[in-house]
Amino acid sequence: EKHDQSTTLKSLDIVKKDFFTSQGEEILALDKRGKKGDFPKLKAIGQVFDSFIVAQGAEALYIIDQHGAHERICYENIVKKFVNEQLLAQGIAIPILLDLNPLETELLIDMIVTLADLGIIIEHFGGNDFLIRAVPQGLDGDGAADLVRDLLYHVQEIETVKLKYAEEALKLMACKAAVKAKNILSIREQQALIEDLSLLENPYTCPHGRPIIISFEFKELMKRFYRN
């Protein structure tokens with residue numbers, strides 16, 4: 001079936017409108033615990049369990065979830081690109097085949113235009129088979145296939161309504177692009193991540209609502225060690 005460009009643009013407008021009335025407003029709003037400029041100045045001093053960054057501030061010790069932090073960084077960047085229509089599709093040399101079950105086929109057909117707006121171009125190949133023809137920058141064919149499968153699974157689990165597809169897809173795109181737990185980072189990489197985090201609208205929670213950073217005040221540490 002030939003892709004209708006006017007339908008795509010109409011869908012994009014609807015998705016954006018809904019996006020801004022829900023998660024989009026949260027992303028672009030200032031964090032309730034302080035203004036954007038209130039993020040503390042931190043110095044990375046190491047990594048524990050290859051998963052958490054330890055940093056020192058003026059009056060406290062901070063522990064940062066490296067995956068959650070980078071996921072939030074990726075998420076806000078991807079959302080801004082989506083809002084500005086900069087998630088451009090790039091063709092892949094060898095299309096990726098998706099072999100789905102009937103329910104997944106029905107769901108994918110329902111969200112195929114939304115995925116196109118996100119830079120993931122999928123063609124119905126007949127029956128329950130689909131081909132991924134193009135992906136956005138930063139995502140390869142296999143990554144796009146994993147994202148689509150995860151999205152199909154996720155929307156079944158939470159019964160996501162059609163206009164929330166873009167929001168869920170953007171979260172998954174950020175998650176897959178982010179540094180993972182058990183990834184060793186140099187001090188320079190740790191510091192760069194902290195500095196990128198400090199520039200965000202909401203540097204305190206990941207896209208799924210989990211905390212990114214916890215702190216222990218210096219006076220509390222002194223108290224714990226019975227120091228005056």
task: Before giving the answer on side-chain contact (heavy atoms from CB on, under 4.5 Å), spell out for H67 and C175 the whole-Å C-alpha distance, their side-chain angles and the decisive distance to 0.1 Å.
output: CA-CA 8 Å; H67 174 70; C175 183; 3.8 Å; yes
query: Between R149 and L98, is a side-chain contact (heavy atoms from CB on, under 4.5 Å) present by the stated rule, with each step listed?
result: CA-CA 9 Å; R149 292 189 184 97; L98 292 172; 3.6 Å; yes
message: Between Y165 and L107, does the side-chain contact (heavy atoms from CB on, under 4.5 Å) criterion hold? Intermediate values first, please.
response: CA-CA 10 Å; Y165 290 159; L107 287 170; 4.1 Å; yes
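Classification of D150 and K176 as a salt-bridged pair holds, one side-chain N sitting under 4.0 Å from a carboxylate O.
Linking ILVMFWY side-chain heavy atoms closer than 4.5 Å, directly or via other members, places I109 and L151 in a single hydrophobic cluster. Both F49 and F216 are members of a single hydrophobic cluster when ILVMFWY side chains are connected at heavy-atom separations under 4.5 Å. Tracing side-chain contacts under 4.5 Å through hydrophobic residues (I, L, V, M, F, W, Y), one never reaches V179 starting from V54; they form parts of separate clusters. Taken together through direct or relayed side-chain contacts under 4.5 Å among Ile, Leu, Val, Met, Phe, Trp and Tyr, F52 and I187 form parts of separate hydrophobic clusters. The cluster map of Ile, Leu, Val, Met, Phe, Trp and Tyr, joined by side-chain heavy atoms under 4.5 Å apart, puts I121 and L139 in different clusters.
In the displayed structure, K81 atom NZ is contacted under 6.0 Å by at most 12 heavy atoms of other residues, nucleotides or ligands. The neighbour count for E106 CD, taken as heavy atoms of other residues, nucleotides or ligands under 6.0 Å away, does not exceed 12. Heavy atoms of other residues, nucleotides or ligands lying less than 6.0 angstrom from NZ of K180 number more than 12. Residue Q137 qualifies as open at atom CD: its count of foreign heavy atoms under 6.0 Å is 12 or below.
Looking at every heavy atom in both residues, S215 comes nearest to A60 through CB-CB, 4.5 Å. In terms of heavy-atom proximity, M173 sits nearest to L118 at CE-O, 4.3 Å. Listed here is the closest heavy atom pair of E76 and N202: OE2-N, 3.1 Å. Scanning both residues, F82 and L170, for their nearest heavy atoms gives CD2-CD1, 3.9 Å. Shortest non-hydrogen contact noted between L42 and A55 is CB-CB, 4.0 Å. The two atoms that bring F39 and Y204 nearest to each other are CA-OH, 3.7 Å, heavy atoms only.
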Donor-acceptor contacts, no H, no angles, side chain residues 127-134, under 3.5 Å, sequence neighbours left out:
unit_1: N128; atom_1: OD1; unit_2: T105; atom_2: OG1; d: 2.8
unit_1: R133; atom_1: NE; unit_2: E123; atom_2: OE1; d: 2.8
unit_1: R133; atom_1: NH2; unit_2: E123; atom_2: OE1; d: 3.2

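Looking at heavy atoms from C-beta onward, V135 lies out of side-chain contact with D140 at the 4.5 angstrom threshold. By the 4.5 Å heavy-atom criterion applied to side chains, Q190 and I45 are not counted as neighbours. Two residues are said to be in side-chain contact when any heavy atoms from C-beta on lie closer than 4.5 Å; M111 and L152 meet this criterion. No side-chain heavy atom of K171 sits under 4.5 Å from any side-chain heavy atom of H154.
To the nearest 0.5 Å, the span separating CD1 on I213 from CD1 on I194 amounts to 7.5 Å. Interatomic distance, CD1 of I73 versus CD of E71, reported as 10.5 Å (0.5 Å rounding). Between D65 atom CG and T205 atom OG1 the span is 11.5 Å, to the nearest 0.5 Å. The OG atom of S198 sits 10.0 Å away from atom CG of L193, with the distance rounded to the nearest 0.5 Å. Atoms CD1 and CD, on I53 and E189 in that order, are 9.5 Å from each other to the nearest 0.5 Å. The structure places CD1 of I94 at 7.5 Å from CD1 of I96, a figure rounded to the nearest 0.5 Å.
Judged as a side chain to side chain donor-acceptor pair (under 3.5 Å), the pairs with a partner in residues 44-64 (not counting sequence neighbours) are, in order, Q47-Q66.
Of the possible donor and acceptor atoms, none in the side chain of E220 sits under 3.5 Å from a partner among the backbone N and O of E217.
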